[in-house]
Novice: 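The structure that follows is given in the form of C-alpha cells.
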Amino acid sequence: MTRIYTYDSTLRDGEQCEGITFSLEDKLRIVERLDRLGIDYIEGGFPASNPKDIEFFRRVRDLPLQHAHIAAFGSTCKKGVAAAEDQGLQDLLASGAKTVTIVGKTWDAQVERALQTTLDENLRMIGDSVAYLKSCGVRVVFDAEHYFDGFKSNHAYALACIEAASLAGADSIDLCETNGGALPFEVEEIVATTCKQFPEQAFGIHCHNDSGCAVANTLAAVRAGCTQVQGTVNGYGERVGNVDLLTVIADLEIKMGCETVGEENLRQLTSVAQYVAETCNLALPAHHPYTGASAFAHKGGLHASAIARFPEAYEHADPARVGNNARMLVSELAGKASLIAKARSLGFDLTARPELVQTILDDIKDRESQGFSYETADGSLAMLLRGYLGEFGPHFRLESFRVIVDDKEDVGARAKDAASEATVKIHVGENRFVTTGEGSGPVGALDTALRMAISESYPEVAQMELVDYKVRILDTNVGTGATTRVMITTRDSFGTFGTIGVSENIIEASWNALVDSIEYGLMRMGK
C-alpha cells in the first residue's frame, strides 16, 4: 500500500473561514482529537502573530501526543533580508515546533506585483530560507503558493522556484492550488510534469474548493505522484473552503488502496467531523460525503427494498468503515420495506404484525400530505408506531394550556423586551397539577411549565434539553391561515431526536411537537 501523509490545516487555514474563531482551549482539544485519529502533521498557526498562537505553541508542547507532529507556519524571509536575520523565521524556530512550513511565491506575476521584487530575488528568498531552517535542525515543508497559476503563466519560472526549494533541502514541497480554479486533468498533468523533473523530491498537494474540484484535484495529484495531502476538517477555509481532509482520507483508503490513518482509525471519521463542527459552533451539513447524517440515508421505497438484500446497490461504501450508519427515511415515497426497516431501527418489529404495515404506511402518507414530515422526526414516528401496536399509554394528560405574551414597554420595531408566560393544567394519574412558567418566547414558557408540572412524577425530564426549534410555514399563499410545521430537536443521555407538530396555529403545533418530545424521551428512559 502507498503511504500518503496527512497534513491538517484546520487551526490555521480553517480558522480563516468566515464565522469561525477558535479559543486557545479549542485549538488544543482539536489537536488531541486529530492526534487520536492518526493525522501526521497538524499546523498550529503563525507563531508570534498574536498572543493566542504564542501561548498555543507553548502549551501544545505539554500535550502527550502519540502520533502527530505540530507544524508552525510562516513565510520565506523578506526581500533584501538575510534568512538568518529575518524575524519571521526566528519566530518559527522560537515556537519549538519540529516541523516548519513556509510559503513562497511561484507565480511570476505575484512576485513582481505583490512582492514588488525581482524574480531572482524571490528565488534567493526561497532557497536561503529553506537552507537556513534546515541548518537549524527542523523538518521543512515549502508551500509553493499559486503554483498551478504560475505554471500555466510561466512554467520555467515555477519550476525554478521548486528547484530552489529542493536544492536547499526541503523535506516536502507542497504544490498549492491557491485560487481553487484548476480542474483535475490540469492538476494531474502539472503535478506529473513536476514530479518527473524532480524524481528524488517528495511532493504534497494543497487545494481550495472554489470550482468544486478540491477533492478530485487532490486525488489527481496523488495519482500523479504527491505523497502528502493538506486539507482541513469538513473543508473549512477561506472563501468556499479548503479540501475536506476527511473525505480525501476516506477516498484514499477505501477507493485507492492507500494508507493514511489506517483501517481502525478510519472508523473515527464521522465522530471527528462532528466534534470539530461542534467546536466551531456549526452544524455538520447532512449531505456531507461519508460523515454527514444523510450520507447513507435511503428514502425511496425501491432503494430500501434493494438495500435489505444488496446494500452495495445504493451504498458506494460500508458506512461502518467511516463510523457512520445507514438510515431508512420514512415519507410519502416510502414502501413497506422502508417502513419495516425504519421501525426496526426504532425498536419495533412490524414483521410480527404484517397486517398493520400498509395501514401505517397509508396513514403516514396521508399525514405528509397535510404537512407532516417524518424524515427527521424519529420521536414522533415512534409514538405513532406505539399507538398502532397498542403499546402507548400517555405519561400525562392535558386539561388545558394558556400562553400570554407581555410587552411592557413599546420601543418601536426593534423592541426586544417582550416576555412570555404559560400556564398548563396537567393530569398525571389521579393527580392534577397547575403550573406557570416564563420564557423569552411562548414555546420556551410552555416547555418550562410542562416540565414543572410533571417533574415530581418524572424527574427524568431534567435529563432532556430542547436544543433546536424550527418553524416552516406551508401554503404561504393563504396568509395567516397557512399550515405551520414545527420541528423540535431534543437531547438526552442517549443522543438527539426530533419531533414534529403541524397545525394552523403555531402554538398548538409547537405544543404537539413538545409533548411528543417529552413522551418519547420518557419512553427511551424506560418509563
Side-chain angles (χ1 to χ4, degrees), residues 330-332 360 363-388 392-407 418-428 432-455 457-458 461 464-491 496-523:
V330 174
S331 72
E332 71 261 22
I360 298 172
D363 188 9
I364 289 172
K365 292 181 178 182
D366 180 63
R367 288 168 179 260
E368 294 224 345
S369 70
Q370 300 172 35
F372 284 82
S373 177
Y374 289 99
E375 290 182 29
T376 57
D378 285 359
S380 291
L381 179 60
M383 302 313 296
L384 179 67
L385 293 173
R386 269 189 170 272
Y388 272 101
F392 176 59
H395 296 88
F396 54 87
R397 179 174 58 84
L398 173 69
E399 179 181 320
S400 66
F401 71 77
R402 176 181 298 162
V403 178
I404 299 172
V405 179
D406 186 11
D407 190 353
S420 296
E421 180 181 285
T423 299
V424 298
K425 299 177 182 179
I426 295 289
H427 293 262
V428 181
R432 180 176 183 263
F433 299 90
V434 179
T435 57
T436 298
E438 295 179 330
S440 57
V443 180
L446 278 172
D447 183 43
T448 300
L450 176 57
R451 290 167 183 268
M452 291 171 60
I454 65 174
S455 60
S457 305
Y458 303 107
V461 295
M464 289 181 261
E465 178 188 9
L466 193 158
V467 296
D468 198 11
Y469 173 82
K470 294 185 177 72
V471 175
R472 182 177 177 186
I473 306 300
L474 309 176
D475 301 323
T476 55
N477 59 311
V478 297
T480 56
T483 299
T484 302
R485 176 196 295 159
V486 170
M487 297 289 298
I488 286 178
T489 302
T490 304
R491 180 188 294 125
T496 61
F497 59 88
T499 52
I500 188 171
V502 175
S503 173
E504 291 182 2
N505 185 302
I506 188 172
I507 303 300
E508 184 177 53
S510 301
W511 171 261
N512 292 339
L514 187 61
V515 168
D516 268 4
S517 74
I518 298 296
E519 290 281 12
Y520 183 59
L522 292 173
M523 184 194 85

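The model shown is predicted, which means the values in this text are computed figures rather than measured ones.
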Novice: Check F497 against S517 and note the closest heavy-atom contact, atom names and distance.
Specialist: CZ-O, 3.5 Å
Novice: Show which side-chain atoms of residues 437-451 pair as donor or acceptor with protein atoms under 3.5 Å away, not counting sequence neighbours.
Specialist:
{"unit_1": "D447", "atom_1": "OD1", "unit_2": "R451", "atom_2": "NE", "d": "2.8"}
{"unit_1": "D447", "atom_1": "OD2", "unit_2": "R451", "atom_2": "NE", "d": "3.2"}
{"unit_1": "T448", "atom_1": "OG1", "unit_2": "G444", "atom_2": "O", "d": "3.0"}
{"unit_1": "R451", "atom_1": "NH1", "unit_2": "V461", "atom_2": "O", "d": "2.7"}
{"unit_1": "R451", "atom_1": "NH1", "unit_2": "M464", "atom_2": "O", "d": "2.8"}
{"unit_1": "R451", "atom_1": "NH2", "unit_2": "M464", "atom_2": "O", "d": "3.1"}

Novice: Do T435 and T423 have side chains that approach each other closer than 4.5 Å (heavy atoms only, starting at C-beta)?
Specialist: no
Novice: Mind checking the CE-CD1 spacing from M452 to I426? Nearest 0.5 Å is all I need.
Specialist: 12.5 Å
Novice: Side-chain contact, heavy-atom cut-off 4.5 Å: F433 with S457?
Specialist: yes
Novice: About how many Å separate CG of L381 and CG of D516, when rounded to the nearest 0.5 Å?
Specialist: 10.5 Å
Novice: Can I get a per-line list of side-chain donor-acceptor pairs under 3.5 Å for residues 507-514, giving both atom names and the distance, sequence neighbours left out?
Specialist:
{"unit_1": "E508", "atom_1": "OE1", "unit_2": "S503", "atom_2": "OG", "d": "2.6"}
{"unit_1": "S510", "atom_1": "OG", "unit_2": "Y469", "atom_2": "OH", "d": "2.7"}
{"unit_1": "S510", "atom_1": "OG", "unit_2": "I506", "atom_2": "O", "d": "2.7"}
{"unit_1": "N512", "atom_1": "ND2", "unit_2": "E508", "atom_2": "O", "d": "3.4"}

Novice: Taking side chain as C-beta onward, heavy atoms only, is I518 less than 4.5 Å from Y458?
Specialist: no
Novice: Run D363 and Y388 through side-chain contact (heavy atoms from CB on, under 4.5 Å) and show every step you take.
Specialist: CA-CA 10 Å; D363 188 9; Y388 272 101; 2.7 Å; yes
Novice: Going by heavy atoms in the side chains, are T489 and M487 under 4.5 Å from each other?
Specialist: no
Novice: Distance check, rounded to the nearest 0.5 Å: I488 atom CD1 versus D468 atom CG?
Specialist: 9.5 Å
Novice: If only atom types and distance count, is the side chain of E519 paired as donor or acceptor with the main-chain N or O of H395 below 3.5 Å?
Specialist: yes
Novice: Quick one: CZ on F396 to CD1 on I454, what's the gap to the nearest 0.5 Å?
Specialist: 5.0 Å
Novice: Will you find, in the side chains of T499 and S380, an N or O donor that is under 3.5 Å from an N or O acceptor?
Specialist: no
Novice: Starting at CG of L384, measure out to OH of Y520 and round the result to the nearest 0.5 Å.
Specialist: 13.0 Å
Novice: So, using salt bridge (Lys or Arg N to Asp or Glu O under 4.0 Å) as the criterion, who are the partners of R402 when residues are at least two apart?
Specialist: none
